[in-house]
Amino acid sequence: MSAEHSSTSKGVVIVGAGLAGWHVIDAIRAKDKDIPITLITADSGDRYHKPMLTMAISQNKRASDLVRATGSDAAKAANVNLLANTQVSDIDAASQQLHLVSATRSDPANVDYATIGYDKLVLAMGAHPIFPQSLPEDLVWHVNHIERFGQLQEKLATGNQHVAIVGAGMVGTEIAEDLLKAGHEVTLIDLNDAPLSQMLPPKATARIAQAVKSQGINFLGGYQVSDVMRISDSDNDNESTSSHDKLQVDYKPIAGADSTADQQPEPLIVDHVIASTGLTVDDKLPAAAGVEFNRRTGIVVDATTLRTNASNIYAIGDCMSINGVACRYVAPLRAQAATIADDILGHEHEGYEHKPPMIRLKNKAISVMATGVPQATGNWQVKTETDDELIMDLLDDNNDVSATVTIKAPVTPKG
Ligand SMILES: Cc1cc2nc3c(=O)[nH]c(=O)nc-3n(C[C@H](O)[C@H](O)[C@H](O)COP(=O)(O)OP(=O)(O)OC[C@H]3O[C@@H](n4cnc5c(N)ncnc54)[C@H](O)[C@@H]3O)c2cc1C
């Protein structure tokens, strides 16, 4: 693309206004103030820092308090054409065109209302929460987007409630502590005996389970949720006239798991259920564009240029994977965006070099940090083990360290 950007230039089109999409805009604008950029996003395009969603409720912050700039203000400041509340429904990679529908209408009449061409396309459309069959999407919350978070926050702000969180990965474990600190009763349920069990070895996760439980979170490890259903207030509390329905959560022990009960437990009656059971990338747009894609890890990109296998299409953020590994963290986005910007603008660049970010659990009851690419299974070796500290290395086949986890008891304030 020429530096002068001819008036017929379709410019750069970015799909998705999460941290990834906005990082690409910042990186391009740092080097080129004029190249036409269109940002298409299914939401309002508001800029916010997603990691705050697992810290905000205890700080009594509403969704609007987390917005750093509205989509329209941010777009104006960056000289970007923002198409908010607009969903990309199809990509024609041969003619370099996108089909658009309204993101706010779901009726069958919501057919393509526009097409837009691109010279360069950046897919930054994130990943969306997985809802297992036992967790019906219309009854269960997630905290993967500020809009849904805002609706949950409003409900929880009405008084202390009982919340069941299904899935004790990082997001589930963090939001459990946040809700507890906000005064809610919290039950955290996981298939495994301890939180973070898909990432760390049992010796490490046992400490996390201990910390979470002693803090007052009701951790149910080794259980599977089998059903969530609405029960009306009248079934539950004849005195009440409020319209607030409760939810019944049925759950059962996993065969062979070390759960404390081996019989069918009594169902939980809760006010809300939050699913934090993982993320998946929608295959519709990658398939339409003919972009190489893996259902589990997302869009495949070249590790040094972040180009997909389709001409003039890049991918960044939660929707893409590098060397077969999804990297759903904030820290690498800046360098990834800078590489995409250089590549799009035709600047010489050294290529992106992926370094796995430091992973830090935001809980205060225990400090958990990991470097490298931690995974539950493998040759984990203890380096330090005291009451207050556990350090373990994951060794690869050559006995090189591929990950390290450091777990520390929190420093309790004196006095
Ligand atoms: C609760 C929580 C806490 C986290 N904490 C941390 C942390 O402490 N540290 C850390 O490093 N990472 C953390 N993460 C991960 C990190 O926030 C994400 O990796 C990052 O925000 C992903 O950004 P993204 O732009 O790729 O995706 P998203 O934020 O999901 O944005 C995707 C965008 O694409 C739009 N979109 C999707 N499909 C379409 C379509 N078809 N057409 C148009 N627009 C579309 C959406 O509307 C949205 O604007 C956390 C994640 C969560 C959920």
Side-chain angles (χ1 to χ4, degrees), residues 13-26 38-57 66 71 74 82-91 98-104 112 114 116 121-130 141-149 152-153 165 167 169-179 274-289 298-299 306 314-321 326-334 336-337 356-363 368-370:
V13 175
I14 297 168
V15 182
L19 284 167
W22 279 113
H23 266 86
V24 174
I25 291 170
D26 291 343
T38 299
L39 174 61
I40 306 172
T41 187
D43 54 21
S44 60
D46 290 353
R47 292 194 79 156
Y48 73 103
H49 192 63
K50 194 185 266 192
M52 279 303 294
L53 300 186
T54 46
M55 302 173 79
I57 287 179
L66 301 179
L82 173 68
L83 302 180
N85 304 312
T86 302
Q87 191 146 4
V88 175
S89 58
D90 202 359
I91 300 175
L98 307 178
H99 295 252
L100 311 182
V101 296
S102 161
T104 53
D112 293 356
I116 182 169
L121 175 65
V122 182
L123 298 175
M125 72 241 184
H128 59 87
I130 297 171
W141 300 96
H142 69 77
V143 286
N144 193 49
H145 195 276
I146 192 168
E147 237 172 78
R148 197 80 177 116
F149 163 86
L152 172 64
Q153 190 278 333
I165 298 163
M170 293 193 62
V171 168
T173 307
E174 289 179 3
I175 191 110
E177 183 178 283
D178 196 46
L179 297 188
I274 301 174
S276 49
T277 39
L279 297 173
T280 182
V281 183
D282 203 337
D283 64 353
K284 191 172 168 220
L285 294 185
I299 296 168
L306 305 173
Y314 299 77
I316 183 171
D318 280 8
C319 67
M320 71 87 159
S321 63
C327 178
R328 295 181 177 143
Y329 297 100
V330 174
L333 292 176
R334 188 180 297 269
Q336 291 171 358
M358 174 179 298
I359 301 166
R360 193 191 290 269
L361 189 73
K362 298 199 283 290
N363 291 48
V368 180
M369 268 183 312

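In this chain, residues are counted from 1 in sequence order. Hydrogens, waters and symmetry mates are skipped; everything else that's a heavy atom, side chains included, is used. Both ligands and their constituent atoms are indexed starting at 1 by order of listing. Every value quoted in this text rests on a predicted model; they were computed, and no experiment measured them.
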**Message:** Going by the rule side chain to side chain donor-acceptor pair (under 3.5 Å), which residues pair with R334 if we only count those two or more places apart in sequence or in a different chain?
**Reply:** none
**Prompt:** Salt-bridged, D43 to R148, with N to O below 4.0 Å?
**Reply:**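 Result for this pair is no, no salt bridge flagged.
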**Message:** So does E147 get a backbone contact from the side chain of H145, meaning a donor-acceptor N/O pair under 3.5 Å?
**Reply:**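 The answer is yes, because a donor-acceptor pair under 3.5 Å joins these two groups.
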Side chains of [X] and [Y]: closer than 4.5 Å at any heavy-atom pair?
| X | Y | answer |
| --- | --- | --- |
| D90 | L98 | no |
| L361 | E174 | yes |
| Q87 | L100 | no |

N/O pairs closer than 3.5 Å, ligand 1 and protein:
| residue | atom | partner | partner atom | Å |
| --- | --- | --- | --- | --- |
| ligand 1 | 5 (N) | K362 | NZ | 2.9 |
| ligand 1 | 8 (O) | K362 | NZ | 2.6 |
| ligand 1 | 11 (O) | V330 | N | 2.8 |
| ligand 1 | 19 (O) | D318 | OD1 | 2.6 |
| ligand 1 | 19 (O) | R328 | O | 3.3 |
| ligand 1 | 25 (O) | L19 | N | 3.2 |
| ligand 1 | 25 (O) | A20 | N | 2.9 |
| ligand 1 | 26 (O) | D318 | N | 2.8 |
| ligand 1 | 29 (O) | K50 | NZ | 3.1 |
| ligand 1 | 30 (O) | K50 | NZ | 3.1 |
| ligand 1 | 41 (N) | V88 | O | 3.2 |
| ligand 1 | 42 (N) | V88 | N | 2.9 |
| ligand 1 | 44 (N) | A42 | N | 3.0 |
| ligand 1 | 47 (O) | D43 | OD2 | 3.3 |
| ligand 1 | 49 (O) | A17 | N | 3.2 |
| ligand 1 | 49 (O) | T41 | OG1 | 3.1 |
| ligand 1 | 49 (O) | D43 | OD1 | 3.4 |
| ligand 1 | 49 (O) | D43 | OD2 | 2.7 |

